[in-house]
Amino acid sequence: MNTPIRDFVAAYQQKKTSRLHMPGHKGMGPLGCESMDITEIQGADALYEAAGVIAESERNASALFDTRATFYSTEGSTQCIKAMLFLALQQHGGRGRPFCLAGRNAHKAFLHAAALLDFDVNWLYPEEKSDLCACPITAEGLKRALENCDEQPFCVYVTSPDYLGGVLDIGALSAVCHENNVPLLVDNAHGAYLKFLPGRQHPMELGADLCCDSAHKTLPVLTGGAYLHIGKSALHPYEKEAKRAMALFGSTSPSYLILQSLDMANAALAGDWPQRLLACCRRLDQFKERLMEKGFSLLPGERTKLVIKTDGPALCRRLAEKNIAWEFADDSHVVLMFSPENSEADYSRLEQALESPLPPPLAAPPPILPLPRAMTIREAVFSPAESIPVEEALGRICAAPTVSCPPAVPIVISGEIITLPALETCRHWGVAEISVVASPDP
């Protein structure tokens, strides 16, 4: 598969052109990649008005993912999440305030989109006790939620895979959505690689209308590279307005280093990378089997994550001693992510760190419960706010969502009243301060 963006930049490098344009480093600098870093010069195309090399590269990506259309983001899935919610909202013909149904483990970028686009959210909660990061939603549960809506939501929004590797039945969820003429939007930030495993596993293969992939999370792509996908069975021609939606939430100076990385990934994905991915998954499957034989407690889920239920801080100390960096940890879990680029030495080092038994989780995370709402998300986010100690927040209204990234799943939603259970959850996650709507002056 050709790589038009990278080919253009390589040719530009060879010409040794006088760079009388941005950026100011003029192709020179200490990082060594500056000569590849350009801007929208003649022939380089423009991301949000793509008609040349970028458009050609995006068509290559669309062919690989088998979509109606695929568009690049250099600002991660965050940009794509906002864009696809904008696209779904534009097609909504309902009366009154627009709202969507969304899994409660939504990334805080979803909250920011709700504030900017001014829509309400009816939250879908797991039917059983679940972690902050997980929200197992069934087709039956979604069907009941849609039946209980007085009006039609402009979309259903779910996260799959989630941070702990949980995967929803997107095929069943999309069937329910389409029976009700409601588009399904999937935050597939952690699942770009699913398209390149045997079988139908990617949301675009399972009937989702729109989804985002953080290419950089699981594919050989620089941080910030992502895709917005339009499904072939999408209810509306979202592709007509997709570039406008992406431009609305993106910088006018997209990184050409990231664009080249996305472009070069197409060649890798069209080559032997899928075979290497399958080999990686099989290697990790074997590793997981050995750990379970030793008595380790692992969460089931996606094949490139190893999620160990244990005293997170204790395991992290072991990993640090072995010079192993982990993706995410809390009191109950440690998440480790693998790709074909991990060496056999990485597995050996991890095996050494896991030679002896691990302590149990420090404490089960408190459940996420519905909280009373005092303001819309937009009203709360745009209200004057103050940051106060968690201990003083009882009864106050949450302003900005307070949570670190990872996992970036808000504990309390903007506009909700902070209750005692919410404070306990904040303490569990080590949140010391929380942003609340400022009290009116006396």
Side-chain angles (χ1 to χ4, degrees), residues 58-59 61-63 65-71 73 77 79-103 106 109-110 113-114 117-124 137-160 168-189 191-192 194-195 200-213 226-249:
E58 288 178 326
R59 287 193 294 270
S62 177
F65 283 91
D66 194 24
T67 63
R68 188 188 294 171
T70 290
F71 302 98
S73 164
S77 283
Q79 181 183 11
C80 302
I81 287 169
K82 294 171 183 174
M84 65 183 185
L85 286 161
F86 171 84
L87 290 169
L89 188 58
Q90 294 304 298
Q91 295 292 335
H92 181 59
R95 299 176 181 177
R97 280 188 58 78
F99 74 97
C100 74
L101 295 179
F110 172 86
L117 297 171
D118 194 17
F119 61 79
D120 292 331
V121 184
N122 288 4
W123 293 105
L124 299 170
I137 300 165
T138 65
E140 293 76 15
L142 176 58
K143 186 176 181 179
R144 287 193 298 271
L146 286 166
E147 289 172 348
N148 290 332
C149 292
D150 294 330
E151 294 190 19
Q152 189 180 67
F154 72 86
C155 76
V156 170
Y157 179 98
V158 297
T159 302
S160 178
L168 302 179
D169 187 344
I170 298 299
L173 295 176
S174 65
V176 171
C177 286
H178 286 188
E179 286 170 6
N180 290 272
N181 200 36
V182 176
L184 176 64
L185 280 56
V186 181
D187 176 354
N188 187 58
L194 293 172
K195 172 61 184 175
R200 292 159 51 84
Q201 301 188 49
H202 192 277
M204 289 290 93
E205 300 173 295
L206 298 172
D209 294 79
L210 296 163
C211 92
C212 64
D213 286 352
Y227 310 106
L228 171 64
H229 298 301
I230 317 293
K232 284 187 172 179
S233 60
L235 294 175
H236 300 285
Y238 301 109
E239 65 274 15
K240 293 183 178 180
E241 293 294 321
K243 284 291 184 182
R244 181 168 75 94
M246 295 289 275
L248 185 63
F249 300 104

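Position 1 is the first residue of the sequence, and the numbers go up from there. Model, not experiment: these values are computed from the prediction.
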Report task. Identify which one of L146, V158, I137 satisfies the side chain to side chain contact (heavy atoms under 4.5 Å, CB included) criterion when paired with L101. Result ->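 With L101 as partner, side chain to side chain contact (heavy atoms under 4.5 Å, CB included) holds for just one option, L146.
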Distance (rounded to the nearest 0.5 Å) between [X] [atom1] and [Y] [atom2]:
X	Y	atom1	atom2	value
S62	K232	OG	NZ	7.5 Å
L85	L185	CG	CG	5.5 Å
F86	L248	CZ	CG	5.5 Å
H178	D209	NE2	CG	3.5 Å
L206	L173	CG	CG	10.0 Å
H236	L210	NE2	CG	9.5 Å

Query raised in the report: Between H202 and D66, is any side-chain donor less than 3.5 angstrom from a side-chain acceptor?
Result: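 On atom types as modelled, these side chains do not qualify, holding no pair under 3.5 Å.
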Contact check, side chains of [X] and [Y], non-hydrogen atoms, under 4.5 Å:
X	Y	answer
C177	L142	yes
M204	V186	no
T70	E58	no
L117	F249	yes
I170	L184	yes
T159	F110	no

**Report entry** Stepwise side-chain contact (heavy atoms from CB on, under 4.5 Å) test for M246 and C80
**Finding:** CA-CA 7 Å; M246 295 289 275; C80 302; 3.9 Å; yes
Over all atoms of both residues, closest heavy-atom pair of [X] and [Y]:
X	Y	value
Q201	E205	N-OE1, 3.2 Å
A242	F71	CB-CE1, 3.3 Å
A83	L228	CB-CD2, 4.3 Å
I230	T67	O-CB, 3.3 Å
A192	F65	O-CE2, 3.7 Å
H92	P98	CD2-CB, 4.2 Å

Query raised in the report: What do the steps show when you test Y238 against Q91 for side-chain contact (heavy atoms from CB on, under 4.5 Å), and what is the final call?
Result: CA-CA 9 Å; Y238 301 109; Q91 295 292 335; 3.8 Å; yes
Query raised in the report: Do S77 side-chain atoms and C212 backbone N/O form a donor-acceptor pair below 3.5 Å?
Result: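 Not at all, since once roles are kept as given, no pair shorter than 3.5 Å links the two residues.
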Query raised in the report: So, does R68 use its side chain to make a donor-acceptor pair with the main chain of A234 at under 3.5 Å?
Result: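 Judged by distance alone, yes, a pair lies under 3.5 Å.
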Query - Evaluation steps, side-chain contact (heavy atoms from CB on, under 4.5 Å), between N188 and Y227 - result: CA-CA 10 Å; N188 187 58; Y227 310 106; over 6 Å; no
Report task. Take Y157 and L124 through the test side-chain contact (heavy atoms from CB on, under 4.5 Å) and record every step on the way to the result. Result -> CA-CA 9 Å; Y157 179 98; L124 299 170; over 6 Å; no
